[in-house]
Every structure is written in C-alpha cells, then in structure tokens.
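Scope of the values below: all heavy atoms of this structure, side chains included, with no hydrogens, waters or symmetry mates.
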Amino acid sequence: MTTHINETEVKYLAGLLDADGHVGFEFTNNRVYLAISLTAADSIDKQGYVASLPSTTGMGTVCRKEKRGDWSPISVWKISKAAHLEMIAPRLVKHMVIKGKHLQSMFDMWKEFRSKTLTDTEVEQLKVFTRASRENAGPLKAKKHPTWAWVAGYLDGDGSYIFKQPPSQNHPRALVQATAHIKDRVALDLLFKAFGGTLNNRGASHPHIMDWKHSLGASNVSFAQHFLSKVLRHSKLKKHKIEQLLAHCHSHSHRLSVINSTE
C-alpha cells in the first residue's frame with residue numbers, strides 16, 4: 001500500500017487537525033473503529049484542498065455535505081482504514097500541539113480493543129474514555145518552538161489574517177490572530193512564546209475563549225514580512241489573504257526606503 005505525504009505536509013496537517021480535526025471511535029456491531037477526520041467549508045477551502053486529500057495522500061475518503069440554510073457546503077476527509085491509521089497516526093502525534101496526547105491515547109486504546117467484540121458496557125466505557133481523553137489537551141512532548149508548517153496549518157483552521165481599512169483611520173488594520181477554547185490554550189501559549197503579541201481571555205462575557213493577536217502593521221513591518229513569507233510557503237486555505245498582507249508590507253517597506261533615500 002502506497003501513501004505519498006512528506007513530513008512537511010504531515011506537520012501542516014497536524015496543525016489543521018489541531019484546529020478543525022476530530023479523533024473519535026465509531027461502533028458497528030459492537031466492534032470499535034478509530035477515525036481521524038478533518039472538516040472544511042467551501043467558503044474557506046476555495047481550492048478544494050480537503051476534497052483532494054484522498055488522491056494527494058493516498059489515504060482516506062471524502063464525504064460532501066451540501067449547503068444547509070446560510071451554511072456553506074463542507075467536505076469531510078476521514079481516515080478509518082487500519083493500515084492507513086497505523087501509518088499516519090504515529091507521524092501526526094509527533095507534531096500535534098493540542099491533540100497529540102488525545103490521538104496517542106485513542107490510538108493505543110483502539111489497538112487494544114479492535115479485535116474484540118465488545119459488551120454494551122465496554123462500548124459505553126470507551127465513549128466515556130473518549131471524552132476524558134479529549135479533555136487532556138497537549139503535545140506528547142512539550143514544544144520549545146512551533147514549526148512553520150504547523151503554524152500555517154493551525155492558522156488556516158483557527159486563525160484569521162485581518163486586512164481592513166477602517167473609515168476613521170489613515171492606515172489599514174493588519175494583524176494575525178487565533179482563537180481557542182481555554183482548554184486548548186496550549187496552542188496559543190506556544191504562538192505567544194514564539195512570536196510575542198498579545199494573549200488575552202475575553203473576560204466576563206466569554207471567559208472560556210482565548211485570543212492571540214500580533215500586529216502586522218506599520219510598526220511591525222520586518223516581523224510581518226518574515227512571518228507572512230514563512231506561513232505563505234505552507235498555507236493551503238488562506239494563501240490569498242496572506243499574499244494581500246505581504247504585498248501591503250512590501251509596498252510600505254518600499255515607500256519607507258524611498259522616503260529615507262530622499263532625506
């Protein structure tokens with residue numbers, strides 16, 4: 001069986017799965033099956049990256065869910081074949097920041113019980129185990145610094161690249177931000193440790209929500225150029241917005257150099 005996915009792509013997928021992925025058990029005829037799935041809406045995944053994953057990775061299947069109400073259609077990539085799980089799970093867990101412990105514990109439990117016909121009680125116990133496992137957020141080993149591919153993947157899922165011109169201001173508002181539940185703040189803590197910026201709880205109205213933000217504006221042009229050029233290499237879902245911001249940074253940098261040369 002052949003899969004074709006290099007380590008950089010695994011790192012990107014680890015970031016995207018940390019944001020928008022799901023690791024869970026499925027039960028059929030009292031047998032347990034492990035599934036890793038990734039969901040993306042067409043409104044974000046405009047190039048059909050998730051839909052292409054079975055062909056580009058050699059693993060998994062894609063299910064389409066059509067538009068409901070105001071919601072965009074979505075694609076769900078799912079890996080549940082044992083041989084594929086055994087190849088990809090050990091590679092993903094090395095790079096995951098939020099769901100590394102969770103995937104490892106689920107993978108180990110699946111290997112222990114997959115050959116058994118379970119009692120109804122055992123099925124319920126595994127459901128309880130799944131919920132407890134997901135609560136235990138964090139990487140298998142503490143990360144000193146995130147990889148750029150992981151950063152791009154995570155921000156493609158739970159991040160935003162903001163580039164707006166508020167009517168009341170002379171300069172565009174440019175920043176990168178990421179949002180997470182406080183139980184998954186380990187990812188935001190890592191971004192803050194690596195890149196600085198601000199890390200805040202939303203306070204009384206949403207005490208369970210955390211935000212990491214870093215300005216990409218005029219006072220942070222050198223950081224912005226470096227950061228954006230790095231994530232641009234790996235981003236699959238938000239490349240256009242990154243390119244917009246990077247073009248703005250280059251334009252601003254050029255204007256400053258012209259001004260300085262004429263002084």
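Grouping the Ile, Leu, Val, Met, Phe, Trp and Tyr side chains by contacts below 4.5 angstrom, directly or via other members, places Val186 with Leu190. When hydrophobic clusters are built by joining Ile, Leu, Val, Met, Phe, Trp and Tyr residues whose side-chain heavy atoms come closer than 4.5 Å, directly or via intermediates, Val151 is grouped together with Leu199. The hydrophobic clustering, which links ILVMFWY residues whose side-chain heavy atoms are closer than 4.5 Å, places Leu175 and Met210 apart. Linking ILVMFWY side-chain heavy atoms closer than 4.5 Å, directly or via other members, places Val97 and Leu103 in two distinct hydrophobic clusters. Both Ile79 and Val62 belong to a common hydrophobic cluster when Ile, Leu, Val, Met, Phe, Trp and Tyr are linked at side-chain heavy-atom distances under 4.5 angstrom.
Side-chain contact between Lys116 and Glu122 is present, with at least one heavy-atom pair separated by less than 4.5 Å. Side-chain contact check for Leu16 versus Leu237: some heavy-atom pair is nearer than 4.5 Å. Side-chain contact check for Ile182 versus Pro207: every heavy-atom pair is 4.5 Å or farther apart. Considering only heavy atoms from C-beta on, Trp212 stays 4.5 Å or farther from Asp189 through its side chain.
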Return a table of donor-acceptor pairs under 3.5 angstrom between the side chains of residues 36-44 and protein atoms on other chains or two or more places apart.
residue, atom, partner, partner atom, Å
Asp42, OD1, Arg64, NH1, 2.8
Asp42, OD2, Arg64, NH1, 3.3
Asp42, OD2, Arg64, NH2, 2.9

Report, one line per pair, each donor and acceptor closer than 3.5 Å where one atom sits in a side chain of residues 135-142; sequence neighbours left out.
residue, atom, partner, partner atom, Å
Glu135, OE1, Lys183, NZ, 3.1
Glu135, OE2, Lys183, NZ, 3.4

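The environment of His206 atom NE2 is sparse: at most 12 non-hydrogen atoms of other residues, nucleotides or ligands sit within 6.0 angstrom.
One finds a salt bridge joining Asp184 and Arg134 here, because a Lys/Arg side-chain nitrogen approaches an Asp/Glu carboxylate oxygen to under 4.0 Å. A salt bridge is defined here as a Lys NZ or Arg NE, NH1 or NH2 lying under 4.0 Å from an Asp or Glu carboxylate O, and Lys94 with Glu7 meets this definition.
The shortest heavy-atom contact between Phe223 and Ser215 is CD2-O, 4.1 Å. In terms of heavy-atom proximity, Leu228 sits nearest to Ile242 at O-CG2, 3.6 Å. When all heavy atoms of Phe107 and Ala89 are compared, the pair lying nearest together is CD1-CB, 3.8 Å. Shown here for Arg114 and Ala82, the closest heavy-atom pair between the two residues is NH1-CB, 3.7 Å. Minimum interatomic distance between His102 and Val23 (heavy atoms only, all atoms of both residues): NE2-O, 3.2 Å. Shown here for Leu216 and Cys249, the closest heavy-atom pair between the two residues is O-SG, 4.2 Å.
One distance of note links NE2 of His22 with CG of Asp20; it measures 13.0 Å at 0.5 Å rounding. Between the OH atom of Tyr161 and the NZ atom of Lys239 there is a distance of 10.0 Å, given to the nearest 0.5 Å. Note: Ile74 CD1 to Cys63 SG = 8.0 Å, rounded to the nearest 0.5 Å. Expressed to the nearest 0.5 Å, how far CG of Leu17 lies from CD1 of Ile98 amounts to 11.0 Å. Once rounded to the nearest 0.5 Å, the distance linking OG1 of Thr56 with CD1 of Ile5 reads 7.0 Å. Rounded to the nearest 0.5 Å, atoms CD1 (Ile209) and CG (Asn200) are 13.5 Å apart.
Between the side chain of Ser235 and the main chain of Leu232, no donor-acceptor pair closer than 3.5 Å is present. Here the side chain of Asp18 pairs no donor or acceptor atom with the backbone of Tyr154 at under 3.5 angstrom. Here the side chain of Asp45 pairs a donor or acceptor atom with the backbone of Tyr49 at under 3.5 angstrom. Of the possible donor and acceptor atoms, one in the side chain of Glu9 sits under 3.5 Å from a partner among the backbone N and O of Asn6. Using modelled atom types, no side-chain atom of Asn29 and backbone atom of Arg31 make a donor-acceptor pair closer than 3.5 Å. With hydrogens and angles ignored, the 3.5 Å screen pairs a side-chain donor or acceptor of Lys99 with a backbone N or O of Gly21. Formation of a donor-acceptor pair under 3.5 Å by the Lys238 side chain with backbone atoms of Gly159 is found in this model.
For Lys78, the side-chain hydrogen bond (donor to acceptor under 3.5 Å, both in side chains) partners are Glu26, not counting sequence neighbours. Residues satisfying the side-chain contact (heavy atoms from CB on, under 4.5 Å) criterion with Phe25, sequence neighbours excluded, are Phe27, Val32, Leu34, Met106, Met109, Trp110, Leu126, Phe129, Thr130. Considering only residues two or more places apart in sequence or on other chains, Ala14 meets the side-chain contact (heavy atoms from CB on, under 4.5 Å) condition with Leu92, His95, Met96, Trp150.
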Please determine whether side-chain contact (heavy atoms from CB on, under 4.5 Å) holds for the pair Lys127 and Glu124, giving the CA-CA distance in whole Å, both sets of side-chain angles, and the decisive distance to 0.1 Å.
CA-CA 5 Å; Lys127 290 178 181 178; Glu124 292 306 313; 3.5 Å; yes
Let me see the working for Asp120 and Asn30 under side-chain contact (heavy atoms from CB on, under 4.5 Å), right down to the final yes or no.
CA-CA 7 Å; Asp120 291 345; Asn30 282 59; 3.1 Å; yes
Yes or no on side-chain contact (heavy atoms from CB on, under 4.5 Å) for Leu53 and Leu13, after CA distance, side-chain angles and deciding distance?
CA-CA 10 Å; Leu53 283 170; Leu13 275 173; 4.3 Å; yes
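Below 30°, between 30° and 60°, or above 60°: for Phe195 and His145 the angle between ring planes is above 60°, a perpendicular geometry.
The salt bridge (charged side-chain N to carboxylate O under 4.0 Å, His left out) contacts involving residues 203-212 comprise Arg202-Asp211, where partners must be two or more places apart or lie in separate chains.
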